[in-house]
Amino acid sequence: MAADRYQPREAEPRWQAAWAEKQIFETRNDDPRPKYYVLEMFPYPSGRIHMGHVRNYTMGDVVARYMRAKGYNVLHPMGWDAFGLPAENAAMQNRIQPRTWTYDNIAAMRAQLKTMGLSIDWSREFATCDLDYYWRQQKLFLDMLKAGLAYRKSSKVNWDPVDQTVLANEQVIDGRGWRSGAVVEQRELTQWFFRITAYSEELLAALDTLDRWPEKVRLMQRNWIGKSEGMRVRFAIADEPPGVDQAIEVFTTRPDTLFGASFLAISPDHPLAGGLAADNRGLADFIAECHRTGTSAEAIETAEKKGFDTGLRVVHPFRKDVALPVYVANFVLMEYGTGAIFGCPAHDQRDYEFARKYDLPIIPVVAPLDVFDKDEELVAWLEQFAAGNEAYVDDGRIINSEFLDGLTVAEAKEAVAQRLEAASLCGAPQGRRQVNYRLRDWGISRQRYWGCPIPVIHCPTHGVVPVPDRDLPVKLPDDVSFDRPGNPLDHHPTWKHVACPICGAASLRETDTMDTFVDSSWYFARFTAPDAATPTVKEVADRWLPVDQYIGGIEHAILHLLYSRFFARAMSVTGHLSVAEPFSGLFTQGMVVHETYRRADGSWASPAEVTIADDGGKRVATEKATGDPVEIGAIEKMSKSKRNTVDPTDIIDTYGADTARWFMLSDSPPERDVIWTEEGVAGAHRFVQRVWRMVADAAEMGLKLGRAGESLPNAFSPDAMALRKAAHRALAAVEDNIRALRFNVAVARIYELTNAIGAALALLDKQRNDGLDHSLGAALREALELLIEMMAPMMPHLAEECFAALGHKELVATRPWPQIERSLLVEDTITLPVQVNGKKRGELTIPAGASEADIQSAVLGLDTIRRALGGKAPRKVVVVPKRIVNVVL
RNA sequence: GCGGGCGUGGCGGAACUGGUAGACGCGCGGGAUUUAGGUUCCCGUGACGAAAGUCGUGGGGGUUCAAGUCCCUCCGCCCGCACCA
């Protein structure tokens, strides 16, 4: 019964055409069934898809196909994150228009993606560089401007000297541009910002509602928002006439340690520092030196805490006789709090180091709880502390602090707050409570061509004038040149010259474009009505959103996901939708990694260039072309530089999309990295062929199996019953595991069922000449059909081919998910492991309904148990129903 | 430094709220089919042991009839953030 091999190259396009022809993945907004929105992070059109895309989109497709089979109206769209610098770089290098380059890439990648057999609604496809999309984005911007969520300010920006553009804080990594890797400079520019900080608290608090997000991502966002509760405290400058300007305001989260203060420190960028430096040469030099020190991680790590005594003195708020020196210090950031701090060396490590260096007092004001009320121990602790070289930063009770003595840290914070709020300094309260966030407003201006133009006009009379809706879109010109650095829009001879919409005077267009993170902050909403003349159709967006399952890489844990959360709120305020959170379920998948291969000369060899052989249990690599030995290196993320990439198209050409999909889902848990191996792919392909062979063999035995759609007999032989149980149990397990996105376990369950079917098939084949067990034939057909249906979300083409081979006319893709026969999940007899003193000594097979007493006596009657007991009487017998029996001596 | 995650055979990994550790796959060994290789099918595969059995989830300790799972402690690896007052 030699069956032909399954030919994916022939079968896969045929089924893809069948699905396309019936338009079964095109989703209607007016479909009354419950909705389910699955989305994978859309790709940047770099030109070729990579294995990371294959993994990402396969996972999403499994969920989409499964939920469709479960009766949901599934939205599963695809688009392109198409603006951005690489298109301009290509323009400069290859003298090709960014537009042409981008759309060519999209066409190539779309064709590649389509070979994967994804159940995507391609009718909703768009690219963010489509005029139709960025036009609506300009509308969103104008609405946000009106709502006060977009504004312009002059600010110090991160300037990337290589890409010649401004970067968001989030795009600066260790002081370098996230794309170019160039050391970032600080420049003063007028920039557009989105007021994301208006939602600091909201974005933080709502993280608690995102219970289907990875804890890790929520934590990263929490840290990024960086809430801290503290106080602003004003210190009066000594020997100056009282006046509001004669105070320095600091931010602190430890007002309880105020009596331990021994100095104030202000940032080199603090206005006061600048003022003082005007007639203090030494200070001016010090500030200049601070600016020279890098902001990279190493620089900060190794930088010494340095300060410069300004000569100013301030008055301690509670001890008018104590004057504290004011330093300019290199470790105080102007961007955080007020740009000034009070130093409490005893309870802050940085302040401690600073005090040691400049010989300032170190006054302990918090004592550990366990020594606080024991005089001798407290004295000993104080001595030990004085002899040590570390600040005490843990909890405790207050000492050396007049009215605070004996209070807990929390009580002391409250007491200080009340005093300072009541106290007055120069006509204002001396202190006030303040919640501070690390989150900054989002700078979106980019001095770049290939992005969404910011739709405003600068009029000499009226200043910034929004482009009226009737004049939208502000269209990117095609005739731009890239022969000099800087922004081509700015260089364009005519584009920026326009009349003011208010007075008609000659004015200039804004030539900055938006950060591409803006484009990806609302695309999920646009998919719900991709052809609408407005950014969204509110009722439609509200019906579809939030995205039920969003899948993508962990690298977007902060930027993209936080911006999208902000946009959902901004779009609610401006009337485009009314959901707060864009993604109710988030899954972050692991990377695809591969071995690296290095030649003797140090160059990298690609997997396609080497042959792996087994040499006495050790894997060795040789170069295909020359036979030279190649060193097998570390397993790393697939990258062009290490040349350890595998092209999805090569794999699909060789093995078919189903094999690639199946391998991506097997073995590794989806949140972890998956190691791409030739052996693994071959194994996946072996399984594809095995399933096909089984189906073909079964089809050949046609008569024994009954026909497609034929109902099952009433009675089953024990063999048939066992197979039915295995099939329905597998179905239940696969369903549970797909729901939990535990695809690797679902795959294992499918393998198990396949093994069971293989055994049953062999049994039936043996009966060829003997008496036929017709009920086994029927059970086999049922099991095979269930197998096909449960693997269909993962290997959709193979499933269709198999289903057709069994005589079905219908597509698997349009069939409802099979019903589990619950009665088959219940065992009538069960096998319990039996332990003696916690070690397994035997097994007991007994009716499921047996009483505890029956089980006990049956257990004690087992030979293996009697032998293990050696004639001794058990002390007790623990019976855990349906699980285990433990006989205790 | 702060925060989080992880540690199970040769490898990737299973193991529900404590209840048969190693499902499933890869690799490896043996056998059958084949002119041969490959393919395919069958059997075996945690370690030690002839066997009975003993040991075994990073190390050590604890709770429990029972621990990969809970508690304490130590070690190692990975990731994120980081002069945030």
Side-chain angles (χ1 to χ4, degrees), chain A residues 2-3 5 174 214-220 222-224 226-228 230 250-254 257 265 267 293 295 297 299-301 303-305 329-333 335-344 347-351 353-354 393 436-438 554-555 557-558 614 617-619 662-663 666-669 671-675 677-684 686-687 689-690 693 733 736 742 744-755 758 762 831-843 867 874-889:
Chain A
R5 285 175 71 80
D174 291 345
E215 185 52 39
K216 182 185 170 80
V217 174
R218 292 197 284 170
L219 204 76
M220 282 165 75
R222 211 167 275 140
N223 291 339
W224 191 262
K227 180 180 184 174
S228 63
V250 304
F251 177 73
T252 178
T253 55
R254 294 297 302 274
T257 63
S267 165
T293 318
T295 51
I300 288 165
E301 191 78 38
E304 215 182 331
K305 309 278 171 279
N330 64 347
F331 63 90
V332 181
L333 306 174
E335 298 81 51
Y336 190 79
T338 61
I341 61 162
F342 80 77
C344 176
H347 304 291
D348 181 286
Q349 190 59 31
R350 269 173 330 208
D351 296 349
E353 287 166 30
F354 192 82
V393 295
N436 217 347
Y437 299 90
R438 212 178 71 109
I554 185 76
E555 68 273 19
I558 298 174
D614 186 82
K618 201 179 155 226
R619 298 174 73 249
W662 186 250
F663 176 73
S666 313
D667 291 355
S668 289
E671 69 279 7
R672 282 197 223 168
D673 291 351
V674 62
I675 305 172
T677 62
E678 272 304 313
E679 294 89 341
V681 179
R686 200 151 52 226
F687 180 69
Q689 294 296 350
R690 187 172 167 216
R693 211 164 34 244
D736 285 351
R742 292 149 45 92
N744 58 320
V745 186
V747 164
R749 296 287 169 256
I750 289 177
Y751 271 114
E752 268 177 332
L753 176 58
T754 309
N755 291 340
T831 300
L832 291 174
V834 182
Q835 299 178 326
V836 175
N837 279 346
K839 295 203 188 297
K840 190 190 166 191
R841 293 294 182 219
E843 279 183 349
R867 207 175 337 126
R875 219 151 36 92
K876 79 177 171 184
V877 179
V878 180
V879 177
V880 184
K882 299 190 174 172
R883 289 224 178 256
I884 203 165
V885 181
N886 193 5
V887 181
V888 186
L889 278 179

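Letters A, B, ... mirror the listed sequences (proteins, then strands); counts begin at 1.
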Taking 4.0 Å as the cut-off, does a side-chain nitrogen or oxygen of A/Y751 come that near to OP1 or OP2 on B/G25?
no
Contact nearer the 5' end of RNA chain B, comparing A/V878 with A/V745:
A/V745
Considering only B/G3, B/C83, B/A85, which nucleotide approaches the side chain of A/V332 most closely?
B/A85
Could you go through A/V885 and A/V880, starting from their C-alpha distance and side-chain angles, then the distance that decides it, and tell me whether this counts as side-chain contact (heavy atoms from CB on, under 4.5 Å)?
CA-CA 6 Å; A/V885 181; A/V880 184; over 6 Å; no
Syn or anti for B/G9 (syn when the glycosidic angle lies within 90° of 0):
syn
Closest nucleotide among B/A14, B/C84, B/C83 to the A/Y336 side chain
B/C84
A/K305 versus A/F354, closest heavy-atom pair with distance
CB-CD1, 4.2 Å
Distance check: side-chain N/O of A/N223 vs OP1/OP2 of B/G4, anything under 4.0 Å?
no
Report yes or no: do A/R690 and A/N755 form a side-chain donor-acceptor pair below 3.5 Å?
yes
Should A/R218 and A/E215 count as an ion pair when the cut-off is N to O under 4.0 Å?
yes
Side-chain heavy-atom pair A/K216, A/I554 within 4.5 angstrom cut-off
yes
At 4.0 Å (heavy atoms only), tell me whether A/R218 reaches a base, stays on the sugar-phosphate, or touches nothing.
nothing
Side-chain contact check for A/E752: nearest option of B/G3, B/C24, B/C83 is B/C24
Under 4.0 Å from OP1 or OP2 of B/A14: is there any side-chain N or O of A/N744 that close?
yes
So what does A/Q835 hit on the nucleic acid, given a heavy-atom distance under 4.0 Å: a base, only sugar-phosphate, or nothing?
base
Let's test your reading of the pairing rules: Watson-Crick or G-U wobble, both distances under 3.5 Å, then write RNA chain B as a dot-bracket string with ( ), [ ], | and dots.
(((((((..(((......[....)))((((((.......))))))(((....)))..(((((..]....))))))))))))....
With sugar-phosphate meaning primed atoms plus P, OP1 and OP2, does A/T252 contact a base, only sugar-phosphate, or nothing at under 4.0 Å between heavy atoms?
sugar-phosphate
Starting the side chain at C-beta, find the nucleotide from B/C55, B/A82, B/A15 nearest to A/R742.
B/A15
Taking the side chain of A/L219 as its heavy atoms from C-beta onward, which of B/U20, B/A82, B/G3 lies nearest to it?
B/G3
Proximal nucleotide (of B/G13, B/C81, B/G80) relative to the A/R672 side chain:
B/G13
Which part of the nucleic acid does A/N886 contact within heavy-atom distance under 4.0 Å: base, sugar-phosphate only, or nothing?
base
Would you sort out whether A/I341 and A/Y336 count as a side-chain contact (heavy atoms from CB on, under 4.5 Å), showing the intermediate values?
CA-CA 10 Å; A/I341 61 162; A/Y336 190 79; over 6 Å; no
Under 4.0 angstrom, heavy atoms only, what part of the nucleic acid is A/N755 near: base, sugar-phosphate, or nothing?
sugar-phosphate
Options B/C26, B/G19, B/A85, nucleotide nearest the side-chain atoms of A/E679
B/C26
Report yes or no: does A/T253 contribute a side-chain atom to a donor-acceptor pair with the main-chain N or O of A/G230 at less than 3.5 Å?
no
So which one's nearest nucleotide on RNA chain B is more toward 5', A/G337 or A/V885?
A/V885
Counting just side-chain N and O atoms, does A/K839 come under 4.0 Å of either OP1 or OP2 of B/C55?
yes
Can you see which heavy atom on A/T831 is nearest to which on A/E843, and at what distance?
CG2-OE1, 3.7 Å
Shortest non-hydrogen contact between A/N436 and A/G337, atoms and distance:
ND2-CA, 3.0 Å
Tell me which nucleotide among B/G3, B/A14, B/G19 gets nearest to the side chain of A/V880.
B/G19
So, for A/I675 and A/F663, which heavy atoms are closest and what is the spacing to 0.1 Å?
O-CZ, 3.5 Å
Residue A/L333, side-chain heavy atoms: nucleotide from B/C24, B/C55, B/C84 that is nearest:
B/C84
Please list, pair by pair, any protein nitrogen or oxygen found under 3.5 Å from a nitrogen or oxygen in nucleotides 41-46 of chain B.
from: B/C41; atom 1: OP1; to: A/R693; atom 2: NH2; distance (Å): 3.3

Compare the minimum distances between each of B/A85, B/U39, B/C65 and the side chain of A/K876, then state the nucleotide with the smallest one.
B/C65
